[in-house]
**Q** 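Let me begin by handing over the structure; questions about it come next.
Indexing begins at 1, ligand by ligand and atom by atom, following the structure's order. Source: prediction; values computed, not measured.
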Amino acid sequence: MDSIVVKGGRELNGQIHIAGAKNAALALMPATLLSEEPLTLTNAPRLSDMKTMAELLRSLGAEITALQDGKVQVMSTHGAINTTADYDIVRKMRASNLVLGPLLAREGHAIVSLPGGCAIGARPMDIHTDGLEKMGASIELKDGYLHAKAAGGKLKGAVIDFPFASVGATENLMMAATLAKGTTVINNAAREPEIVDLATCLRAMGAQIEGDGTSRIEIQGVDRLGGATHPVVTDRIELGTYMLAPVFTGGEIECIGGRMHLVESFVEKLDAAGVDVTETKLGLKVKRRGDRPRAVDVTTEPFPGFPTDLQAQMMAMLCIADGKSVLTETIFENRFMHAPELIRMGADIEVHGNTATVTGVDKMKGAPVMATDLRASVSLILAGLASEGETIVNRVYHLDRGYEHVEEKLGAVGAQIERITGK
Ligand code: EPZ
């Protein structure tokens, strides 16, 4: 297993290119199941999660070609397709559950393994399955697999009220509704930019969707969808992660491809912490005002609130801020696993349930630490940038799921960082 070694204390200056969004691409790729025509994604991120999704779609009968060093994915699914998504592949990545809606819409039946729990929480699928049942699907859990069948082989439009603005459930139901008979309305839908990106791609394929980006989405079912070429939206979580880097080290970083509308609530918190963010023609320029950020309280919420996927990175920054901050995680039940690792580096954090109180310290010290989930692992690298001595982050396969070549991107702007290839 690879590790990443960071030596702290270097100021960062320069430009970092932000890739296409992992959480958009993982919803866009299953959309190929909805049409027999080719679907091409450009600006696709080059991540291990994309490889896992490609493996799953190939097992269902899709043909996928990665071009231009993986940044373009050309996919097509013609003819009969296999409608069983096997546990062996699904267990590696929860987003595999996003084939359920498209398979039901295309073939009228599907057998999809439950993804199983994950480090950050139980992450059930009840909002997905309740919505699909409202559209006339019968869904039974047998031996860890969801066996789904659409009555009469075709889903029908329905009005669906979500108890929680689930991102994945919004994506699954939106895709299922594109080929259903009649009109579907999703109330309390998720509003993330990745939802808008998926709706934009589905419209390019011929779907009739309105209201994406608001909490009420209306979809008129059509008989068939065609192909499309779609550019994957910029990754707002990778963007926020690299915007934080100069806050740890001093200096100025321009995140190329970043746009303010993707990270508004995050920028509000950076401003309160004493960080300047300026939108340029190319992206977002970030520089901290003083020689140390200020403490700020943060509560994670569905978009447009503060993103849960930037909570770990923000906690790492607050560990060196001037003052006491309170972080409240409202989306997942177990998303503070980075706290004990940051404490090993000298941070002062007290966790009580879904609240963490962080008291800033003057200096943190590098240490060997363990990555536990994707965003926790990158928060440890950020902390290492501002720590005395050497930080060794182990199990970086978590990192490779969501960040392209993090050591190259940070190294190019002055960080002392290298990857040690493990046995
Ligand atoms: C997406 O996961 C993202 N993943 C997550 O990013 C992100 O943290 C999450 O949205 C919230 O923004 C992808 O897009 C691939 P949810 P998803 O359904 O769709 C509960 C990362 O680091 N819930 O909005 O699974 C669930 O347990 C990852 O890139 C139900 O109870 O998120 C969780 O507590 C991590 N029943 C909360 O809702 C359901 O049927 C949010 O889940 C569905 C969800």
**Q** Examine the side chains of Ser379 and Gln313 and answer whether a donor and an acceptor come within less than 3.5 Å of each other.
**A**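 Short answer, no.
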**Q** Using a 4.0 angstrom limit on heavy atoms, which residues are close to ligand 1?
**A**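 Answer by chain and number: Lys22, Asn23, Arg94, Ala95, Ile120, Arg123, Pro124, Met125, Asp126, Ile127, His128, Phe164, Ser166, Val167, Gly168, Thr308, Asp309, Ile331, Phe332, Arg335, Leu374, Arg375.
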**Q** Is there a donor in the side chain of Thr183 and an acceptor in the side chain of Glu218, or the other way round, less than 3.5 Å apart?
**A**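 Not at all, the side chains of Thr183 and Glu218 share no donor-acceptor pair under 3.5 Å.
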**Q** Please enumerate all residues that pass salt bridge (charged side-chain N to carboxylate O under 4.0 Å, His left out) together with Glu418, with sequence neighbours excluded.
**A**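 Here no residue qualifies.
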**Q** Partners of Arg375 by salt bridge (charged side-chain N to carboxylate O under 4.0 Å, His left out), sequence neighbours excluded?
**A**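 Scan of Arg375 (salt bridge (charged side-chain N to carboxylate O under 4.0 Å, His left out), adjacent residues dropped) gives none.
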**Q** Passes salt bridge (charged side-chain N to carboxylate O under 4.0 Å, His left out), Asp400 versus Arg419? Steps please.
**A** CA-CA 12 Å; Asp400 297 337; Arg419 178 182 289 256; 2.7 Å; yes
**Q** Who pairs with Asp161 by side-chain hydrogen bond (donor to acceptor under 3.5 Å, both in side chains), at least two apart in sequence or on another chain?
**A**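 Counting only residues at least two positions away or on another chain, Asp161 forms a side-chain hydrogen bond (donor to acceptor under 3.5 Å, both in side chains) with Asn187.
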